There are 2 protein chains.
Amino acid sequence: MPKTDSNVSRIYAALRRMAADFELKPDERINESALSQTLGASRTPLREALNRLVAEGFLTFQSGRGFFCRPLSPAAVMELYEARVAVETETARLAARNATDEGRRALSGLLDEMAEEYAASEDAARLLEMDEAFHLEIAALSGNGELCRMVENLNDRVRFIRMVFMSRMAASGAPRLAAHRAIAEAINRGDEAAAAQAMRSHIERRRGEAAEAVRTAYSRIYVPEDGS
Amino acid sequence: MPKTDSNVSRIYAALRRMAADFELKPDERINESALSQTLGASRTPLREALNRLVAEGFLTFQSGRGFFCRPLSPAAVMELYEARVAVETETARLAARNATDEGRRALSGLLDEMAEEYAASEDAARLLEMDEAFHLEIAALSGNGELCRMVENLNDRVRFIRMVFMSRMAASGAPRLAAHRAIAEAINRGDEAAAAQAMRSHIERRRGEAAEAVRTAYSRIYVPEDGS
DNA sequence: GCATATCAATCTGTATACAGCTGACAGGGG
DNA sequence: CCCCTGTCAGCTGTATACAGATTGATATGC
């Protein structure tokens, strides 16, 4: 067994991406034997990875029936957005309180880099990636590893929906960039309340579109690739 | 295999309790073979449960070395308290916004029941149980299942430390009860900002004591039971 | 024609076997 | 005296086998 490094982490990463992208369709039952063959491993490490993903909210589990992909519903997405508000208003607040000067400079720098690419790029995936990097950077500045984990988990679970947003509204990145600047400036001023409030309105603004986006998302998941 | 119901969930529950109570000592390496014998099962379901607990933050994992109990340090406990602030200020806010009249009555009722027992009981475990029930009820009133999960997880992970608080300061339940009343009243008025603020100061008040409590906690974990 | 019972195919839950890796210790060389 | 290296016991990582549960289809009675 001359593997580079642990097999289960490879399986875990692959499954996590598949679940995040809804390659496993909502509520779809997972056939362990088939999946283990697809991934080139036996069921034992596969099930270990599946169990981790259940605990992280990417999958569900019913005793005796097996593992399923998480459901995709407007209500579920709304809950995730509310959870993001809860966690990220606090990361913004703590970042404003705790960030070092070096950290503040790094945040501003990140924003400047993004500004250029924002104008140029129309690649939704790339825009989303930068957006997530910004939110993660703030979490890092908060100095709280637990909150970082939460932000990362929530980001990954709403990525698919956010991707649908992004590619639908295409080039409207400008308001988002402005909102990011407002958040970063509040953090750099050390204004906790303003940072928290800016983050809250930034996330809540998108929340209401969840219902519509979920409908679009379903069509993406179930309609075959347009290359056919 | 005539088990009542799934073996892995039994193992999971047992391990979770053991980890929560630090029967597995901080950073202690877990011997899978020995533990599987203790729990009366084989290593396969044991490892599935261990993987779930890693994802939930009760254990850590190092490839090739195995599973370890989570560390117990003042910094880690502080992070958990900050995460509680993040999550529970939002559950309080959402509860104030969304709770039905029936829900509000239930919360008041819960508080009234607790008031009686608070005065009478000096059982720290029972007091803590009621305290957690109050916080979980608010999470339920928020109507957000995701936030409920988070509150439950965080409560379980700080339970040991809170237990140390409780039994050290013994009969000082009165201020906590007053704080709970303030939170409940804000929720019942539908005053989101007041509910969030009351919850924040309620949790933050205890946060500072973490460092001291961790020291006490260590002595509890490593000093043998006083019955010896 | 519909509901129900039965049965086979399939899948999950768990035990067990074994290969490879890790960490500790002893012995030899610098 | 310290460090380096070979060896070995023990543990982890994974495959596989098999028992019990589930599911869906077919047959049967009303």
Side-chain angles (χ1 to χ4, degrees), chain A residues 1-19 22-71 222, chain B residues 1-19 22-71 222:
Chain A
M1 218 134 305
K3 282 293 148 52
T4 59
D5 77 340
S6 101
N7 207 2
V8 67
S9 67
R10 181 180 59 80
I11 296 174
Y12 166 77
L15 274 178
R16 185 176 163 119
R17 194 196 51 73
M18 288 170 68
F22 283 106
E23 283 177 31
L24 309 169
K25 307 204 187 330
D27 291 312
E28 184 183 34
R29 183 172 178 172
I30 291 171
N31 184 325
E32 296 175 13
S33 307
L35 192 54
S36 69
Q37 281 196 319
T38 303
L39 295 174
S42 74
R43 284 177 52 219
T44 309
L46 171 62
R47 282 177 60 100
E48 292 190 8
L50 290 169
N51 272 287
R52 278 181 65 174
L53 291 166
V54 168
E56 291 177 7
F58 285 96
L59 304 176
T60 62
F61 173 75
Q62 294 178 43
S63 181
R65 299 198 56 221
F67 297 87
F68 301 78
C69 189
R70 71 194 189 283
Y222 290 104
Chain B
M1 218 135 303
K3 283 291 147 52
T4 60
D5 77 340
S6 99
N7 207 2
V8 67
S9 67
R10 180 181 60 81
I11 295 174
Y12 166 77
L15 274 179
R16 185 177 161 118
R17 193 197 51 73
M18 288 171 68
F22 283 105
E23 281 177 31
L24 309 169
K25 307 204 184 331
D27 291 311
E28 183 181 37
R29 183 173 178 169
I30 291 172
N31 185 324
E32 297 174 13
S33 307
L35 191 54
S36 69
Q37 281 196 318
T38 303
L39 295 174
S42 74
R43 283 178 54 222
T44 309
L46 171 62
R47 281 178 62 100
E48 293 191 8
L50 289 169
N51 272 287
R52 278 182 64 176
L53 291 166
V54 168
E56 291 178 7
F58 285 95
L59 304 176
T60 62
F61 172 75
Q62 294 177 44
S63 180
R65 299 197 54 223
F67 296 87
F68 301 78
C69 189
R70 69 193 188 286
Y222 290 103

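Per chain, numbering begins at 1; letters A, B, ... match sequence-line order. The shown structure was predicted, so the numbers you read here are calculated from the model rather than taken from an experiment.
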Undergrad: B/Ile11 has an atom CD1; how far is it from atom P of C/dT14, in whole Å?
TA: 7 Å
Undergrad: Return the value, rounded to whole Å, for the distance between atom CG of A/Leu39 and atom C1' of D/dT14.
TA: 14 Å
Undergrad: Write down the distance between CZ (A/Phe61) and C1' (D/dA21), rounded to a whole number of angstrom.
TA: 12 Å
Undergrad: Hey, is the main chain of A/Phe58 close enough, under 3.5 Å, to the side chain of A/Arg16 for a donor-acceptor pair?
TA: no
Undergrad: Considering all heavy atoms of both residues, which atom of A/Asp27 and which atom of A/Phe68 are nearest to each other, and what is their separation?
TA: O-CD2, 3.6 Å
Undergrad: Counting heavy atoms from C-beta on, name the nucleotide in D/dC11, D/dT23, C/dT12 closest to the side chain of A/Asn31.
TA: C/dT12
Undergrad: What residues form a side-chain contact (heavy atoms from CB on, under 4.5 Å) with A/Glu23, not counting sequence neighbours?
TA: A/Arg17, A/Met18, A/Asp21
Undergrad: Measure from CZ on B/Arg10 to P on C/dG13 and round the result to the nearest Å.
TA: 15 Å
Undergrad: Using a strict heavy-atom distance below 4.0 Å, which residues from residues 41-54 of chain B are in contact with DNA chain D?
TA: B/Arg43, B/Arg47
Undergrad: D/dT23 C1' sits how many Å from A/Gln62 CD, rounded?
TA: 14 Å
Undergrad: To the nearest Å, give me how far apart CZ (A/Arg29) and P (C/dT12) are.
TA: 6 Å
Undergrad: Quick one: A/Glu32 CD to D/dA15 C1', roughly how many Å, whole number?
TA: 15 Å
Undergrad: Can you name the closest pair of heavy atoms from A/Val8 and A/Pro45 and give their distance?
TA: CG2-O, 3.6 Å
Undergrad: I want to check something: taking the side chain as every heavy atom from C-beta on, are A/Val54 and A/Phe61 in contact at a cut-off of under 4.5 Å?
TA: yes
Undergrad: Tell me which nucleotide among D/dC11, D/dT23, D/dT14 gets nearest to the side chain of A/Asn7.
TA: D/dT14
Undergrad: Can you tell me how far P of C/dT14 sits from OH of B/Tyr12, to the nearest Å?
TA: 16 Å
Undergrad: Would you find a donor on one side and an acceptor on the other, under 3.5 Å apart, between the side chain of B/Glu56 and the backbone of B/Leu53?
TA: no
